[in-house]
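Quick notes on the structure that follows.
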Protein chains: 2
Amino acid sequence: MPTSTVEQYIKIIYTQREHLGEGVVPMKRLSEAMGVTPGTATTMVKHLDEVELVRYQPRQGVLLTEKGENLALRMLRRHRLIETFLEQVLGYDWSEVHADAERLEHAVSDRFIDKLEDYLGYPEVDPHGDPIPTASGAIEPAIGIPLNTCAPGRRVQIARLIDDDTDFLVYMKNSMIVPGQDFGVRENSAVAGTVTIEHLATRRVVTVGFEPAGRILVSEHG
Amino acid sequence: MPTSTVEQYIKIIYTQREHLGEGVVPMKRLSEAMGVTPGTATTMVKHLDEVELVRYQPRQGVLLTEKGENLALRMLRRHRLIETFLEQVLGYDWSEVHADAERLEHAVSDRFIDKLEDYLGYPEVDPHGDPIPTASGAIEPAIGIPLNTCAPGRRVQIARLIDDDTDFLVYMKNSMIVPGQDFGVRENSAVAGTVTIEHLATRRVVTVGFEPAGRILVSEHG
DNA sequence: TATTATATTTTGAGCAGTCAAAACACTGCG
DNA sequence: CGCAGTGTTTTGACTGCTCAAAATATAATA
């Protein structure tokens, strides 16, 4: 049985890897995401390698094994179902959800999660549009394309916000950038480093930086 | 901020003390209830004394301070609200509830508990009839009298089952002994060490030992 | 009172996770 | 090539919690 610290490392390695696109996750990145010193991360990762959850290449970085990936998906499933519950049932605000979910996900049993999923009606995505892995570990591939790849003039619908940072999420919510909302792309300037979109329902115009726009996935239509 | 181990010790000291009726809680009892060796309990209790959560009298036992009592009530509140949620909302069976609640209660925030309480509609007791302390730490005094003090012929209603032991609770549930059910007392024999009651709705007769009957609280009526 | 049983405390050790700081290994640049 | 800067690993130490086993105190019984 993995400790909750191990669970946390594995989850972070998974999401950092996703964030990175490809290649191994370097120690600096891991230690920063975990909020520990680099030496601590090294020690831990050597242990994780021994128990076959990761493959550790000294001085390069770390990758999840199949076993590690399974654990990561189980954690993601927990996290996202709990987030959905906190927001939709208990009425949490977006700014409050993450911290509580983070603590709960290490304390709940599989039974709890399965019953919670049933109670919630088997949602496919959480409130930020992140897909929820099934009990068997299946996960939908990311749908949508990054907003910063959309040409001006296109109409897009927000599909997913890829980030657990509270400030990011709250800002997006306040700008109506939540899954399901329709926008028109007004401008996309790599030079200026910004993407400008207009909320179709309210005519409200929002400009976001190029980098954050990459973490907003949309589906194009029209 | 107390660790979850500390929280657990404090909760156990509270309930063992309640179980005992009065006096200090001896180390043997504490260590057994905690599932640790006596030496471990001693070490821990000395620490708890230092941080003013308990008063530790060497070779006698341990008592909660005011501060400790407050923490215990906060844990009881968590535990009982979570149990109520697991059973009434997620559909847990009585036999499954305890273990999961025990792990969750150390992981949830005050915010979570307050929102959960609101969602559940501010219940006053959990499914076993145990009173739920309020956010301010107030708790209803135990209502009801022990079943083993009831004379034959009386009609009683189950008010509360004082025990967290899964086997005890499951047995009682299978015998219809759950809060709200009406019974007639048929026999109460200190000599035989048994109490025999009849479930009025089904005419079913159940005999329980004298000791367990002391952990069944009832209200007399008629 | 002396002896035995039982409860309790002490001691020494170990595990998981962490840090600070020193040692080390790779860039890449002059 | 040699050296600086950055990222990485090693080392030694500490905290919180635990155990096993030895030492000690208390209570019970003969």
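Quantities reported herein were computed from a predicted structural model and do not represent experimental measurements. The figures that follow rest on heavy atoms only: side chains count, while hydrogens, waters and symmetry mates do not. Letters A, B, ... are given to chains in the order of the sequence lines, protein chains preceding strands, and every chain is numbered from 1.
Near-neighbour residues of DNA chain D inside residues 4-19 of chain B, defined by a heavy atom below 4.0 Å, number-ordered: Thr5(B), Tyr9(B). Less than 4.0 Å separates DNA chain D from at least one heavy atom of each of the following residues of residues 56-65 of chain A: Tyr56(A), Pro58(A), Arg59(A). A heavy atom lying under 4.0 Å from DNA chain D marks the following residues of residues 20-45 of chain B, by number: Gly35(B), Val36(B), Thr37(B), Thr40(B), Met44(B).
Ion pair Glu32(B)/Lys28(B) flagged as a salt bridge, since at least one NZ, NE, NH1 or NH2 atom sits closer than 4.0 Å to an Asp/Glu carboxylate oxygen. A salt bridge does not link Arg55(A) with Glu66(A): every distance from a Lys NZ or Arg NE/NH1/NH2 to an Asp or Glu carboxylate oxygen is 4.0 Å or more. Electrostatic pairing of Arg77(A) and Asp110(A) does not count as a salt bridge here, judged by no charged N lying under 4.0 Å from a carboxylate O.
At least one donor-acceptor pair closer than 3.5 Å links the side chain of Asn188(A) to the backbone N or O of Asn148(A).
By the side-chain hydrogen bond (donor to acceptor under 3.5 Å, both in side chains) test, Glu211(A) is found to be paired with Arg215(A), residues two or more places apart in sequence or in another chain being considered. In this structure Asp49(B) satisfies the salt bridge (Lys or Arg N to Asp or Glu O under 4.0 Å) test with no other residue, sequence neighbours excluded. Taking Arg17(B) as the reference, nothing meets the salt bridge (Lys or Arg N to Asp or Glu O under 4.0 Å) condition, with sequence neighbours excluded. Legend: residues meeting ring pair (Phe, Tyr, Trp, His ring centres under 6.0 Å) with Phe112(B), ordered by chain and number and at least two apart, are absent. With sequence neighbours excluded, no residue satisfies side-chain hydrogen bond (donor to acceptor under 3.5 Å, both in side chains) with Asn174(B). Take His128(A) and apply the ring pair (Phe, Tyr, Trp, His ring centres under 6.0 Å) test, not counting sequence neighbours, and it matches Trp94(A).
Residues in residues 49-80 of chain A take part in these ring-ring contact (aromatic ring centres under 6.0 Å, His included) pairs, two or more places apart or across chains: His79(A)-His98(A).
Side-chain contact check for Glu52(A) versus Glu50(A): every heavy-atom pair is 4.5 Å or farther apart.
Extent of DNA chain C lying under 4.0 Å from chain A heavy atoms, first and last nucleotide in 5' to 3' order, is dG17(C) to dA25(C). First and last contacts of DNA chain D with chain A, using any nucleotide atom under 4.0 Å from a protein heavy atom and ordered 5' to 3', fall at dG7(D) to dT10(D).
Each of Thr3(A) and Lys46(B) has a nearest nucleotide on DNA chain C; the 5'-most of these lies closest to Lys46(B).
Within a 6.0 Å radius of CD in Glu140(A), other residues, nucleotides and ligands contribute 12 heavy atoms or fewer.
A distance of 6.0 Å or more separates the ring centres of Tyr92(B) and Tyr119(A).
Of the N and O atoms on the side chains of Asp126(A) and Thr84(A), not one donor lies less than 3.5 Å from an acceptor on the other residue.
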